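Notes follow the structure.
Order of the sequence lines fixes the chain letters, A, B, ..., with proteins taken first and strands second; residue numbering starts at 1 for each chain. What you see is a predicted model, and the numbers here were worked out from it, not measured in a lab.
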Amino acid sequence: MTKALLWRLGNSLLSLALLVTLVFFMIYATPGGPAYSILGVHATPAGVAALNRQMGLDHPVWRQYLTWWDHLAHGNLGYSFTQHAPVADLIGSYLHNTLLLDAVAAAAAIMLAIVLGLAQGARARSLGRIIGAGQIIGYSLPTFFVGTVLILVFAADLAWLPPGGLGDTARSAGLASLWRHLALPAVTLALPLAAGLSRYFGHQVRDEYRQDYVRAARSRGLSALRIAFRHVLRNAVRPLVTVIGMMIPSLVVGGVLTESVFNYPGLGWLLWRSALEQDYPTLTAIVLLIGVLTILGNLAADLVNTLLDVRVRYD
Amino acid sequence: MTDDTTRAQPTMHPGGLFQRRRRWPATFGRVRADMGGGMLFLALVLFSWIGPLLYPHDPLAIHTHHILAAPRSRFPLGTDALGRNVLARLMRGGQATLAISLWASAIGLLAGLLYGMTAGLGPGWLDRALMRLLDTLLAIPSLVLMIFFASIVPLNETSLALLLGLVAWPGIARLTRNEALAARERDYVRAARQFGAGRLYIARVHILRAMLPLVIVNATFLMADMILGLSGLSFLGLGIQPPHASWGGLLNSGAGLAVIGSWWLIAFPGLAIFLAILAMNMLGQGLLARLEGELRE
Amino acid sequence: MREDVVSSGLRVEGLSVEYAAKRGLGRTRGDTHKALADVGFILPTGQTLGVVGESGSGKTTLGHAVLRMTPVSRGRILWDGVDLATLSDRDLRPYRRQMQLVFQDPYEAMNPRMSIGRIIAEPLLLAYGLDRHARREQALRLLKQVGLDESLLGRRPRALSGGQRQRVTLARALATAPRLLVLDEPTSGLDVSLQARVLNLLRDLQTDKGLSYLFISHDLAAVAYIAQRLLVLFQGRVMEQGPTDALLRHPAHPYTAALLAAQPSAVPGRAPKDPAPAMNPVADPVPGACVYYQWCGKALPRCRMEAPDLTSLGADHLVACHYPGHETTSIH
Amino acid sequence: MTTDGLTLAVSGLTLGLTRDRRARPLVEDLSFGVARGEMLAFVGESGSGKSLTAAAIFGLLPAGVQRIAGSIRVNGSELTTLSERRLRAWRGRDMGLIFQNPLTALSPSVGVQAQIAETYRVHKGGTRDAARARARALLAEVGLKALATGGDSYPHQLSGGMRQRVMIALAAACDPALIVADEPTTALDVLIQAQILDLLARLQRERGLAVVFITHDLRLAARYADRILVLYAGRAVEEGDAAQFFTAPRHPYSRALRDAIPTIPATGGRLTEIPGQPPEPRALPAGCRFAPRCPNVGDDCRRTEPAMTFDGTRFACLHPCAKMS
């Protein structure tokens, strides 16, 4: 078991190294290179050359690559010329906001998914059909559309909740204000997640119900509730851990769109702004960070799964 | 078809109390799902391409006297802030959105198939290397990659289709590879090898054909992702550039104005995107259910 | 073994198949799992060798190894005097046609998307490159040979019954006019009445075509019906082999005896039951002991100290036991 | 036949598809009884309806199949009129079911002691500790002393034979009067098969259980059961004492089943084949269902469905085989 854990850890480290390399070549392959975008319309060949020299971009590839690693190792993610701040400093607070939003949305989505999935799997014919229709609609709804509509209804028309941002005073104004600011983005983000997760979980529950052991339990006179909670649920939740790990990319994608709609100062919003402003150092750093978080998330899910369940069923 | 499956009485072990029985009439609901999805998609395609023939209005024409006009007879879906006809823009935007998404899906499907087949049928070390690379690529969510590249390349229909397609293939690649690996170990493939079949024959006849239906069904989900991705990019201002219309772009330009009452600017493009994605998801899900039903023994 | 017996036919010597035991971090060196250890037998042309053993005994691996469908670690597979174990894949090709495998699960062995006609014709296409017309003709002939109706030609495997499927895979195996068939549990999934039909068909085909069979089964009675010689495998090792009659009448190895006692032979009424030995799975094998030591009802101290070699009891009857047919009180 | 004193008495049981009303029943007019301490073997090929009958006894018919007629009495009480809730109290307490594949029939993430204890407590109440103690005693009784002491084990940690022993312990947890074993050894090796059936026979003797043993293997039925009932395409074709049955089956199908099995030592002759295939429930032949495959068939067989008659054994055939063969 220790070996299995080490094996997974090694795999993840390899993925991380590959990721860093991949991102490096993504920037390296940028047509014109970063100097052009930094200088923008003022770019002259001489200016570009000077900046390239200044940033070490005239060195051979391998040297740039090593420098890239060196900088990363020292936590140096570059300097944002549009925001006039080191990228590492910039990212910190945005990351914090994003993690907050993601955590709230993910928690809501998971809880909803378990309830819906259990109901769907246990009552595949009647209720399951209705929930199934809701799910397919739920994850077909584009996040940015839902967000816009929510703003329109709850912020513009009803004026119940703020239309976006986190409000400069959000933190100082206390938890209530924070929740009010979080409500709409969190709902927007959680909706497609809950739809996808509950569908997966519902199938899982339904498959468990088809297993022999459920009928065997019935043949021993166990009640439906007992079978559902003591036997079926236990088996159906296990794969959910993996799925929650795999949920991270959807969370990020949804997050970028949600944060843009609501002007929520998170990583996704920053990614969007820096893409529009062609702020490559920031853009690169965020892509890298998201990749790292995803890999770590999957690793965490793997580890939890390994700890929970070392056996291989039905082999 | 149904007759054959119910008539077959396979059961490896005779008897056995609760052998899973195939429920024959249950496919009815699923058939409706893929039919409904297909019809919906067809309707959107007709709207986008045949619509302009029936409603020939210039999507770029500016009607200065009708700025932000609410839907009524002259402009059935109203006008935007520059006084452009929303219905005409919606049709033109549909062409752009659907065409680019289709091309992108085709590119993604092809690239994914090639990559997956190479990994699944090649030697073990190649498989391991390619899969490691794929895992890493998958660690960066597709929209993030799209945003990254969209900020670099000049944006037009061709570059968007390429960009989306090249970001989209890993999912298909992984599916293809897994299916190929599974198929390789099937007894009928071993049998073919015993008859002297070469790698290419097995790849073509037994593996590709066996998994193609599943891969194609999954390409419908890919198409849904592409519509969402393209619309998302356009919504973020990184897709089709104004003044050209796309559904996501319409939503983007309308979002600010909707707050002050011009609801039609977001309602119709938003609905269009939703319906297009829904159509593909329904189609895919229905087809998948059929396929599973067909393969379940 | 006598050298002169086999000039034509199959002769296997010292066949071993080992898998690297995979654990977590890739392969651990030297850690091998012995699926087959030092297996040898002779199968003269036109005869049947029955391979008997329980799940995990390595009997399926043996069938696959003989056909080189699984990598062979050591040993010789002599087919008409040519060692197949050393041939490259390309050199092996002409021999592959001469020996075919009939899979345990016929449904798994057929591409579900192909018609029965195409399935049977596939080897004809691959081995001889026959045209469509000739393939169809041959497919019809093969179908008839296994007693199936030509109306099945256009059907899919899933529309067939278990017995029909098994006969289709048999027809396909016969397409390349092989001389040896490896039959892996060909009747285990079939109902009794269909099982009889397949067994009879196999007998008839053997008489007609002079085929050799390597017949793998856990059903001792089915094997006894069709095989002239038996090979009893336990954990990848030969426990006993010899002529069917002698082996069943006077089982020398305690494992063979146990198998025989456990057979649901058609004893009318409630015959007194021979209690089968306790087969509790024991975690680790005792190093240096007979592989059957932990299960054996007749084990003596020597069995723990020293693994027995395969020794002759005369008349082609070999057994790997220190005390063949021995009646003593066990140390267990 | 009097049903008094029988542990299980089934009469006129008819099962059919819920949706397809044109189809003939899957099981038709089936009657049998099992007394205390007796083992009755159900023998038939796949599709003969033997497993459906077992499911019907427990009121666990798969979706799409329903009981059309017939009575099922356990210890004299009618089960078919009970509500699902009332019937639940009977399952596990008065009758236990053993499945074909113990790996899938045991709950994978609950320990085996816990599963047995759970079943016991649901029906008999008592403290957790008492139920655990009972579970341990049962495991020891079925020959799993190693599992009866110390911590709990999960099904995936056990071998196939051990799992089936656990299944038996589960079925016997509440001292039921009846055990139905549905192909209990089909998934097991020969040696384990013999052990499991020996165990079942021992429990039957020691506890005076009524056992219904469902199998496709006539040899196993003959070796372990007191009586044998042969099913063909949903109908009973013959029923009788195991020993007598094996020496002189009267129904041509029973005889064909017997003669289709290879024996040890081999007799040298050919095995008897049964031509054709069992009929589909949707396309049953008129008259006797076995007529199209029967060597003794006469014109009358294709017209009238033969009723059960008694002549040494009970059988349903117009042209039975000779009394001594």
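The most heavy-atom pairs under 4.5 Å with chain B, out of L251(A), V149(A), L293(A), V287(A), come from V287(A). Listed options L238(B), L228(B), L236(B) were ranked by heavy-atom pairs under 4.5 angstrom with chain A; first place goes to L236(B). Here N11(A) is the residue among N11(A), V292(A), L276(A) with the most heavy-atom pairs under 4.5 Å with chain B.
Inter-residue side-chain proximity for T294(A) and I140(B) is flagged as unmet; no heavy-atom pair is nearer than 4.5 Å. Between F148(B) and V23(A), the closest side-chain pair of non-hydrogen atoms is not below 4.5 Å.
Contacts of A267(B) with chain A are made by backbone atoms alone, with heavy-atom separations under 4.5 Å and no side-chain atom involved. Heavy atoms closer than 4.5 Å to chain B are found in the side chain of L22(A), but not in its backbone. When heavy atoms are compared at a cutoff of 4.5 Å, L271(B) approaches chain A solely by way of its backbone atoms N, CA, C and O. Of the two parts of L251(B), only the side chain, counted from C-beta on, holds a non-hydrogen atom closer than 4.5 Å to a non-hydrogen atom of chain A.
With rounding to the nearest 0.5 angstrom, the CD1 atom of I295(A) is 5.5 Å from the OG1 atom of T136(B).
Heavy atoms only, all atoms of each residue included: I266(B) and F145(A) are closest at O-CE1, 3.5 Å. Heavy atoms only, all atoms of each residue included: P141(B) and V253(A) are closest at CB-CG2, 3.5 Å.
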Problem set entry | Working for side chain to side chain contact (heavy atoms under 4.5 Å, CB included), residues L283(A) and S151(B) | CA-CA 9 Å; L283(A) 202 54; S151(B) 75; 3.3 Å; yes

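The closest side-chain donor-acceptor pair between N281(B) and S140(A) falls under 3.5 angstrom.
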